[in-house]
Every structure is written in structure tokens, then in C-alpha cells.
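Have a look at the structure below before the remarks.
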Amino acid sequence: MAATNDPIRQIFLAGIGALAIGAEKSQQIVDQLVKKGKMTVDEGKEMTEDLSSAAEQNFDRVRSEIIEAHMKTMTKEQRDEFAARVAEMAANIDADDQLQSEEDEEVAEAQADGK
């Protein structure tokens, strides 16, 4: 999905944009209903959480469908290369997370020692 004229990338970005706009509009509607007294603040918070959860699930589904559609256009060798790149990215992120955790622990220990 690197090329800007890649149709898969364009569909993916359009999906993200649509989800973002939908979430923003939903939040505005909930805010208006709360402001007008049509629902309580707690009901508004609950509805916002439900809408966020639904949007996240839809985003996950759309992302999976796009990746699958993209992979169906690949040869087996391209899919294997893609899977290897994804595995490498995941390993790099895991290593970064581990490093960040270790740094956070060192900071916490230093702060505890300074108290």
C-alpha cells in the first residue's frame, strides 16, 4: 500500500475518513441530545462508548477485508514476502515496546530512589 495511486490504499483511506466523519457526527448528535435534555449525560457517555466500540469493530473488519482483497491479487511468492515484512514489522514493534518498558521501569526506580 505504498503508492499513492494504489486503489487499495485509496479505498482504505476513504474507509478511515468515512468512519472518522461518522464518529464525529455521532458525537455531535449525542452532544445535542444531552444539551436539549433528551438524554442524560450518563446516557450520552454510554451511547458514545457504544458508538466508539462499533466504529472500532467496523474499522477492524474493513481493514481485514482490504488486506485480504489486496493479498488475493498477489502471487504466492508476493504473499510470502508480504507476510515476512509484516512479521518483521511486528518484531520491531515488540522490541520497541520492550525497550520502552525497560526505560519506564528505570525511570520509576530512579524516582523511587529519589524520594
Side-chain angles (χ1 to χ4, degrees):
M1 286 201 278
T4 29
N5 61 353
D6 181 1
I8 300 289
R9 178 180 166 83
Q10 291 173 351
I11 292 168
F12 182 71
L13 293 174
I16 291 172
L19 288 173
I21 290 170
E24 183 179 321
K25 290 295 180 187
S26 297
Q27 183 63 50
Q28 289 174 354
I29 292 169
V30 169
D31 290 345
Q32 288 175 358
L33 290 171
V34 169
K35 187 176 179 180
K36 291 180 179 180
K38 302 288 183 184
M39 72 171 44
T40 67
V41 173
D42 288 339
E43 290 171 334
K45 286 180 183 178
E46 184 178 337
M47 184 174 284
T48 299
E49 289 171 10
D50 291 345
L51 291 169
S52 288
S53 176
E56 186 175 324
Q57 289 172 0
N58 283 334
F59 175 76
D60 289 345
R61 181 185 52 77
V62 168
R63 179 182 54 208
S64 294
E65 289 173 1
I66 290 170
I67 292 170
E68 184 176 358
H70 181 61
M71 289 179 71
K72 285 181 180 181
T73 67
M74 298 175 173
T75 64
K76 175 161 179 22
E77 292 79 20
Q78 289 170 325
R79 282 191 303 275
D80 291 345
E81 182 181 319
F82 179 74
R85 282 195 329 255
V86 170
E88 182 180 347
M89 285 187 272
N92 289 338
I93 292 169
D94 290 345
D96 289 346
D97 288 349
Q98 179 64 33
L99 181 61
Q100 185 63 51
S101 292
E102 291 169 4
E103 290 174 358
D104 291 347
E105 287 177 21
E106 289 175 10
V107 168
E109 288 175 11
Q111 289 176 341
D113 290 342
K115 289 185 177 180

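As the structure is a prediction and not an experimental result, all values here were calculated from the model.
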Would you find more than 12 non-hydrogen atoms of other residues, nucleotides or ligands less than 6.0 Å from Glu102 atom CD? yes
For Met47, does the CE atom have more than 12 heavy-atom neighbours from other residues, nucleotides or ligands under 6.0 Å away? no
Decide whether Asp104 and Gln100 meet the rule of one side-chain donor and one side-chain acceptor closer than 3.5 Å. yes
Nearest 0.5 Å, please: how far is CZ in Arg63 from CD in Glu68? 13.5 Å
Any non-hydrogen side-chain atom of Arg79 less than 4.5 Å from a side-chain atom of Lys76? yes
I want to check something: taking the side chain as every heavy atom from C-beta on, are Arg61 and Gln57 in contact at a cut-off of under 4.5 Å? no
Just do the side chain to side chain contact (heavy atoms under 4.5 Å, CB included) check on Thr73 and Gln78 with the steps written out, would you? CA-CA 9 Å; Thr73 67; Gln78 289 170 325; over 6 Å; no
Do the side-chain N and O atoms of Gln32 and Gln28 include a donor-acceptor pair separated by under 3.5 angstrom? no
Should the pair Glu49-Lys45 be classified as a salt bridge under the 4.0 Å nitrogen-to-oxygen rule? no
When you group the ILVMFWY residues by side-chain heavy-atom contacts below 4.5 Å and let the links chain together, are Ile67 and Ile93 in the same group? no
Give me the atom names and distance for the closest heavy-atom approach of Thr40 to Glu43. N-OE1, 2.8 Å
